[in-house]
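The structure is given below, and queries will be raised subsequently.
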Amino acid sequence: MARLAPIVILFWLLAAVAAPWLGLQPDAIDLGHILATPTLQAWLGNDDLGRDIFARLIAGAEVSLTVAMLVTAATMTFGTALGLVAGYYGGWVDRVLMHVTDVFLAFPGILLAIAFAAVLGPGLNNLILALCLTSWVGYARLTRAQALSLRGRQHVLAAQVLGATTPRILFRHMLPLLMAPLLVEATFSIASLIVAEASLSFLGLGIQPPHASWGSMLRDGVRYLLVAPHYVLAVGFSLMSLVLAVNVLGDTLRDTLDVKN
Amino acid sequence: MLFKRLVGILPVVFGVLVLTFLLVHLVPGDPVEVMLGESATSADRSVLRAELGLDKPLPLQFADYLTKLIHGDFGVSIHSHAPIAGLLAERIPATARLALLSLVIALAIGLPLGIAAALHYRRWPDRAATLSALTLSAMPHFWLGPLLMLVFALWLGWLPVSGMENDASIVLPALTLASGLAAILTRMTRASLLEVLDEDFVRTARAKGLPERTVILRHAMKAALLPVVTVVGLQLGSLLAGAVITETVFGWEGVGRLLVESIEKRDYPVTQACVLAIALTYVLVNLLTDLLYSRLDPRVRFNA
């Protein structure tokens, strides 16, 4: 499993990156092949508008991975900075941050992202915004807890005594020690963001037609489950393979870097 | 103790209220226009605006919102003009039934699998259990649901596809909803039991000649279950969030389905009320778990 995971991830990454050059036509409607089963031309068959499912899967992977990585980059930066400051300074800054994160964590799972996406309206930009608004919390909590224990360390005290500026202490003396847990957190968060993007698109809150997304493809596929099970199966197994691989990579990283849960 | 905990969650409850209240104000542009569509007359709009109190200053709106909530008034649906409290009351039993059955299923799958994995550490039952848990946690409800539907309803014909007319209709959505919790329970039980098996009291129990069954089920499991209780409590609330997707997949008329319908109709007061109801239930369940935990764990009980 641990050896297979990077291959699966690499496959989807390469497919997503190379998508524009593969000459695929994910949006090309072909009414002669509605819900057609797999053939040599369309490896995974065609959807309810006769579009090539394989081509749409690749296009969906592009959306999925782009959203997951963009949101991870944005929320990790924001959440980590916030957590560092709160953990280092303590006091009211810390109390306010903790209260705010407590409130965000009072909404189970993907509920808050659904709520934000619902009021912001559907579309790619709002989808990204909704996910950003909700996924910084984990990084803030993680960094804050770590910073709290790091601020009493000898090398931090030494830097303070030597007159290092606060940003220098935070980013040069504390942040490097946080990279391992952050990396593990980011890996798991990419997996859950892939699922979150698909969930919102499944509910019709994400990517809008005709653009492909794994979530909206599953939504369409469920409608034709009886006549064209290959549609749902193709999308479902793709999604599962990527999420599973990223989670396994996360587990491997956690064990290798010796990060506690 | 109980009082202290109750006071402790007040800031969170207040924050949840503020956040759900602000939701409607996050609507880009004019929420009234978005809700009514472009064909509405300006008279219609001002009626709805006054009805929702959107013409008043923000703090006053929030005060009104709180006052109404305290009286059990969740407002009215824009779509059907029915009181939202009634809509929620209609849907809550269905979601509660689904969540409770899922909990039972998850326990029935997760506990035995976790115990088997721990007792056969690093042998095939452990590998199989760990692998199943890993796979299950990579299957979102909108993929596992259709897969179960395909196999058990369409191919084997054992169970109804969706809806809730039949008594057996609950089985597939409950299995789907249980999957995540079952996976977590398997992993937690395994890890927790593995840790406990190394403890002195387990060795003592074995040394005094108790049968292995008693050692595991009576002595080790009692201690190993403690962290599991916390996880179950935390995850019971997450089942409600999971129900949003599962209910949509299976056409199960619960609170989750109500939420999704309200989003599709841009019925924001209903959306707001559903989100609030789910979040408050989650906070409450977490509080109860905390209290239960402190009752069960003598270390917490005597230190408090």
Side-chain angles (χ1 to χ4, degrees), chain A residues 1 98-122 126 129-130 133 191-192 194-196 198-199 201-205 214-215 218-219 221-222 225-226 229 231-233 235-248 251 261, chain B residues 9 11-16 18-20 23-28 31 34 131 134-135 137-147 149-150 153-155 161 180 191 234-235 237-242 244-245 248-249 259-260 262-264 266 268 271-272 274-275 278-283 286:
Chain A
M1 284 292 267
M98 281 302 102
H99 277 307
V100 173
T101 53
D102 276 343
V103 171
F104 273 74
L105 292 173
F107 296 85
I110 195 184
L111 181 68
L112 197 56
I114 292 178
F116 280 138
V119 290
L120 289 170
N126 286 339
L129 184 58
L133 281 172
S192 59
I194 292 170
V195 173
S199 308
S201 297
F202 179 83
L203 293 174
L205 291 169
W214 290 357
L218 272 166
R219 179 193 174 100
V222 172
L225 199 56
L226 187 58
Y231 190 4
V232 160
L233 292 176
V235 191
F237 277 113
S238 303
L239 176 71
M240 188 168 79
S241 74
L242 183 56
V243 175
L244 189 60
V246 177
N247 275 334
V248 169
D251 281 337
N261 247 343
Chain B
I9 64 159
V12 174
V13 171
F14 186 76
V16 168
V18 173
L19 203 52
T20 41
L23 273 181
V24 172
H25 297 273
L26 280 176
V27 177
V34 177
L131 189 67
L134 198 63
T135 314
S137 53
M139 297 183 86
H141 296 153
F142 49 87
W143 156 232
L144 180 62
L147 189 64
M149 223 184 232
L150 193 62
L154 298 176
W155 288 345
V161 181
L234 286 174
Q235 293 296 321
S238 312
L239 284 182
L240 297 173
V244 177
I245 304 265
T248 305
V249 172
L259 172 64
V260 175
S262 78
I263 293 172
E264 280 161 3
R266 301 202 173 283
Y268 293 131
T271 308
Q272 214 175 3
C274 290
V275 171
I278 297 176
L280 288 183
T281 314
Y282 184 55
V283 173
N286 286 354

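Residue numbering restarts at 1 for every chain, and letters A, B, ... go by the order of the sequence lines. For clarity, every value in this text was computed on a predicted model and none was experimentally measured.
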Exercise. Using a cut-off of under 4.5 Å for heavy-atom pairs, which of L242(A), N126(A), L111(A) has the most such pairs with chain B?
Worked result: L111(A)

For this session: For side chain to side chain contact (heavy atoms under 4.5 Å, CB included), just list the numbers for I263(B) and I114(A), CA-CA rounded to whole Å, side-chain angles, deciding distance to a tenth of an Å, and then say yes or no.
Result: CA-CA 9 Å; I263(B) 293 172; I114(A) 292 178; 3.7 Å; yes

Problem set entry | Set of residues satisfying side-chain hydrogen bond (donor to acceptor under 3.5 Å, both in side chains) with respect to R219(A), sequence neighbours excluded | none

Exercise. Rounded to the nearest 0.5 Å, what separation is found between the NE2 atom of H141(B) and the CD1 atom of I110(A)?
Worked result: 11.0 Å

Problem set entry | Proximity breakdown for Q272(B) and chain A, heavy-atom pairs closer than 4.5 Å | neither

For this session: Give, as side chain, backbone, both or neither, the part of A245(A) having an atom under 4.5 angstrom from any heavy atom of chain B.
Result: neither

For this session: Let me see the working for L19(B) and L112(A) under side chain to side chain contact (heavy atoms under 4.5 Å, CB included), right down to the final yes or no.
Result: CA-CA 10 Å; L19(B) 203 52; L112(A) 197 56; 4.1 Å; yes

Seminar exercise, completed: Assert top hit (heavy-atom pairs under 4.5 Å, partner chain A, pool I278(B), N286(B), V27(B)) equals V27(B)

Problem set entry | Top contributor to chain A interface from L154(B), T271(B), V244(B) [non-hydrogen pairs under 4.5 Å] | L154(B)

For this session: Sort F142(B) into side chain, backbone, both or neither according to what part of it lies under 4.5 angstrom from a heavy atom of chain A.
Result: both

Seminar exercise, completed: Greatest number of non-hydrogen atom pairs under 4.5 angstrom with chain B, of P108(A), P229(A), A118(A), falls to P108(A)

For this session: Provide the closest heavy-atom pair for P122(A) versus R266(B) in the form atom of the first, atom of the second, distance.
Result: CD-NH2, 3.7 Å

Exercise. Do M240(A) and T135(B) come within less than 4.5 Å of each other through their side chains, counting heavy atoms only?
Worked result: yes

For this session: Sort out for me which of L120(A), N247(A), V246(A) touches chain B most, counting heavy-atom pairs under 4.5 Å.
Result: L120(A)

For this session: Against chain B, work out which of L226(A), V119(A), I194(A) has the most heavy-atom pairs shorter than 4.5 Å and name it.
Result: V119(A)

Problem set entry | side chain to side chain contact (heavy atoms under 4.5 Å, CB included) evaluation trace for L134(B) with D251(A) | CA-CA 10 Å; L134(B) 198 63; D251(A) 281 337; 3.7 Å; yes

Exercise. Tell me, side chain or backbone of V195(A) under 4.5 Å from chain B's heavy atoms, or both, or neither?
Worked result: both

Problem set entry | Euclidean distance, L259(B) CG relative to L203(A) CG, rounded to 0.5 Å | 8.5 Å

Seminar exercise, completed: Interatomic distance, CG@D102(A) vs CD1@I9(B), rounded to 0.5 Å, equals 11.5 Å

For this session: Mind running side chain to side chain contact (heavy atoms under 4.5 Å, CB included) on W143(B) and V235(A) for me, showing each step along the way?
Result: CA-CA 9 Å; W143(B) 156 232; V235(A) 191; over 6 Å; no

Problem set entry | Segment of V12(B) engaging chain A (4.5 angstrom heavy-atom cut-off) | both

Problem set entry | Contact check, side chains of T20(B) and F107(A), non-hydrogen atoms, under 4.5 Å | yes

For this session: Could you check which of C274(B), A279(B), A153(B) has the highest count of heavy-atom pairs closer than 4.5 Å to chain A?
Result: A279(B)

Seminar exercise, completed: Of the listed V283(B), L23(B), L26(B), the one with the largest count of heavy-atom pairs under 4.5 Å with chain A is L23(B)

Problem set entry | Region of L131(B) in contact with chain A, defined by heavy-atom distances below 4.5 Å | side chain

Exercise. Looking at L244(A), L233(A), V243(A), L225(A), which one has more heavy-atom pairs under 4.5 Å with chain B than the rest?
Worked result: L225(A)

Problem set entry | Contacting moiety of V248(A), where chain B heavy atoms sit under 4.5 Å | side chain

Seminar exercise, completed: Turns out that what part of L218(A) lies under 4.5 Å from chain B's heavy atoms comes down to side chain

For this session: Below 4.5 Å from any heavy atom of chain A, which atoms of L147(B) appear? Answer side chain, backbone, both or neither.
Result: side chain

Problem set entry | Best-contacting candidate, G109(A), A115(A), S199(A), against chain B by heavy atom pairs under 4.5 angstrom | S199(A)

